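For reference, the structure is listed below as structure tokens.
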Number of protein chains: 2
Amino acid sequence: MADKPAIAATTHSDATPDGAQPRAKTGAVKMDDIARMAGVSKSTVSRALSGSPLVNEETRARIQVLVDSHSYRVDTRAQGLRKGRTHTIAVVIPLLHEHDQPISDPFFLELLGHIADAVADHGYDLLLSKIGPGRASGMADLVDTGRVDGLIAIGQSTAHLGLERLADRNLPLVVWGAQLPEQHYVTVGSDNKAGAERAVAHLIAQGRRRIVFLGQRTVPEMRLRHDGYVAALAAAGIEPDPALDVPTRFASAAALTAMRSLICGGATFDAVFACSDVIAISAIRALQDQGLRVPEDVAVVGYDDVQMAAFYNPALTTVRQDTATGGRLLVDLLFAQIAGRPTRSVMLPTELVVRASSGVVSGTTTPGPR
Amino acid sequence: MADKPAIAATTHSDATPDGAQPRAKTGAVKMDDIARMAGVSKSTVSRALSGSPLVNEETRARIQVLVDSHSYRVDTRAQGLRKGRTHTIAVVIPLLHEHDQPISDPFFLELLGHIADAVADHGYDLLLSKIGPGRASGMADLVDTGRVDGLIAIGQSTAHLGLERLADRNLPLVVWGAQLPEQHYVTVGSDNKAGAERAVAHLIAQGRRRIVFLGQRTVPEMRLRHDGYVAALAAAGIEPDPALDVPTRFASAAALTAMRSLICGGATFDAVFACSDVIAISAIRALQDQGLRVPEDVAVVGYDDVQMAAFYNPALTTVRQDTATGGRLLVDLLFAQIAGRPTRSVMLPTELVVRASSGVVSGTTTPGPR
DNA sequence: TTGAAAGCGCTAACAG
DNA sequence: CTGTTAGCGCTTTCAA
């Protein structure tokens, strides 16, 4: 770990600041207490609190007052134990690689934010969990130990088989990612192939012919994007050059290195299709460092339309994934499954957002943010 | 909600795909079942699983086999109910404004990632919760309803008073943010004033005199950064110009607008100190859109050293906050509080990372990423 | 070394 | 409308 912290100040001791109630940690008031004070039974309180119609309005009011004044809250743990539900769903981020800087891609954060909103709207809690490679069993545990009612996996990465197993066990599960043939689990994701195809076709339309594919093809979504890339080239009668197929992980640093070595390797190319905006941005940096101009010498297109894409310099042309509907859909489908309703995978349409980095001549007006 | 999804495919029905065990949803195996199979009592299983030394090794082995083969997992809900602990901690993101795009700043994500790691290392779960303005009571509920053992708030934003109340109730709570005088709760955060002061001093050292402060002073951390800004100016004998004090929210779009109107308002300045990297990046975009060069015409310094800062164009000079130690510290302090040990606030040192955007002449070598 | 019994705080029949 | 009675699945005395 890094160096010791520098300054230290405010002290938090267990002494109660002023003469406040020195209530012990176990001192929380329980339903029984409320019942006693209201002169009724626990059951009545329970009913009153759950809005049952079988309670005298007067009684309910009396109870409510007590509840408020003592700021009593039902213990969800006990409630869940009894009712068999947890009112919690897990969002799992399967890590792609050993020690990728945690959840670093802004795209994830945007999606996560929307998921969090949707989950909250349902009145559920959200458990966030990072799961290392191979350990899909960890996901099952979350359900088996009664911690959550269902799972949302962000990105199937290399966990495909593990996810299949979960789905086969009929655990409520929805995955953000690619729609694979024959898969047993439900996914929500953008139309990766079509999105990529359109992006690459756009580059070709700008007169580019030697287009680099920058991304990790082992991840299903990226493989589909690669398919789109190939399809677009084929449609234009261009033979894909394996030398322009550059694998890279998602971290900025990795992308930078990959791009650098491509350039230094003497490859010739006039465009780059990157599998994510973060990768695209790193690529641009590498290009500029080597004295290449974007988009004049090399046009670049990314994927995601992360917030920052519009603000980059040059502003990034990219394939937008709609994280807002995506997030909400993930949650809605999951709740449908929890409710026992059958669900099916959804593929979201993508949109090509053309900005400066792909070399389209535009006026002085900056293509704004979303 | 947006338009309807496009394509749909794989169906997830309740029918068990192949001849797998059509185990009902309640069909999970319980401790009692294991006990019966092992020919011992529930208590023994419990002891065996918790590593109690009062169990015959042979018995323990027999139980373990059963547990593994049935992939039995202890129900943490019941366990928690009995033991009074939840093994879960909450990370709360107090929202700054009504509908700021959820948790959009990459800085938060980086910090969150590290917190998640640290929490996982302790074997705890992490509940993610977004709380709207003013509703600090929501945080208390998390503890009162027995959902979590403690709270980590990321950014005090405008929730200061609410946090005070929580601390006064002696709930385990650690806050990422500014260290305010007399505050009752424990914080971890960077030395905002010193960091900002150094950044601004750096700009002054580059010969800049008219330096814009770009950020929201209502947030405690930002106010401290403003203090540092003023201090640096004062040290150089520069009178702060109120016209250069530009408030803006944290979203890229807001920063862009703020900067634009400053420029169009005809203000003259030769540098910008932005309260976050995201803001800095938007500011640069605005400057360039108006034909100003960075750093030649206007030098820019950000705050955070978000991953992308090194990759921006021009690479961003910024004040690095160490999210790795910060995250870990937040968690360690929280666990100390949960264990009943007294804790004190910590102020982390910052580091000024000088890159191209502040106009320092450097060779062809790019200041690399971290 | 093990088992029996008593709850953790709550809900849900089943009787009034 | 309300109270009584059983547990939800686990841990933990207290005895054996």
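Worth knowing before you read on, the calculation uses all heavy atoms, side chains too, and leaves out hydrogens, waters and symmetry mates. In what follows, chains carry the letters A, B, and so on, assigned in the order in which the sequence lines appear, proteins first and then strands, with residues in each chain numbered from 1. The shown structure was predicted, so the numbers you read here are calculated from the model rather than taken from an experiment.
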Legend entry - Under 4.0 angstrom between B:Ser46 side-chain N/O and D:dT11 OP1 or OP2: yes
Legend entry - Given DNA chain C, 5'-ward residue of the pair B:Arg62 and B:Arg82, judged by closest heavy atom: B:Arg62
Inset, instruction - Measure from the side-chain heavy atoms of A:Asp75 and tell me the nearest of D:dT2, C:dT1, C:dG9. - result: C:dG9
Legend entry - From CZ (B:Arg60) to OG (B:Ser52), nearest 0.5 Å: 7.0 Å
Inset, instruction - For A:Arg77 and C:dT11, give me the distance from atom CZ to atom C1', rounded to whole Å. - result: 16 Å
Legend entry - A:Arg147 CZ - D:dG9 P separation (whole Å): 17 Å
Inset, instruction - Nearest whole angstrom, please: distance from the C1' of D:dG9 to the CD of A:Gln79. - result: 17 Å
Inset, instruction - Ignoring hydrogens and angles, state whether a donor on the side chain of A:Thr145 or B:Asp75 is under 3.5 Å from an acceptor on the partner side chain. - result: no
Legend entry - Separation of atom CD in A:Glu57 from atom P in D:dC1, rounded to whole Å: 9 Å
Legend entry - Ring geometry between A:Phe335 and A:Tyr124 (parallel below 30°, tilted from 30 to 60°, perpendicular above 60°): perpendicular
Legend entry - Value in whole Å for how far the P atom of D:dG3 lies from CZ of A:Arg47: 8 Å
Inset, instruction - Output yes when B:Asp149 and B:Arg85 qualify as a salt bridge under the 4.0 Å nitrogen-oxygen rule, no when they do not. - result: no
Inset, instruction - Just call it for B:Thr44: base, sugar-phosphate, or nothing, with non-hydrogen atoms closer than 4.0 Å on any strand. - result: sugar-phosphate
Inset, instruction - Using distance alone, with no hydrogens and no angle criterion, decide if B:Gln64 and B:Asp68 have a side-chain donor and acceptor under 3.5 Å apart. - result: yes
Inset, instruction - Measure from NZ on B:Lys30 to P on D:dC10 and round the result to the nearest Å. - result: 8 Å
Inset, instruction - Would you kindly give the CG-to-C1' distance between B:Leu81 and D:dG9, to the nearest whole Å? - result: 9 Å
Legend entry - Listed nucleotide nearest any side-chain atom of A:Met31, set D:dG9, D:dC10, C:dT11: C:dT11
Inset, instruction - Could you check which of C:dC8, D:dT11, C:dT11 has an atom nearest any side-chain atom of A:Lys42? - result: C:dT11
Legend entry - Sugar-phosphate, base or nothing in reach of B:Ser43, heavy atoms under 4.0 Å: base
Inset, instruction - Just call it for B:Thr59: base, sugar-phosphate, or nothing, with non-hydrogen atoms closer than 4.0 Å on any strand. - result: sugar-phosphate
Legend entry - Residue-phosphate contact under 4.0 Å: A:Tyr72 side-chain N/O, C:dC10 OP1/OP2: yes
Legend entry - A:Ala78, nearest nucleotide to its side chain (from C:dG9, C:dT1, D:dT2): C:dG9
Inset, instruction - Check the distance between C:dT2's P and B:Arg36's CZ and give it to me in whole angstrom. - result: 18 Å
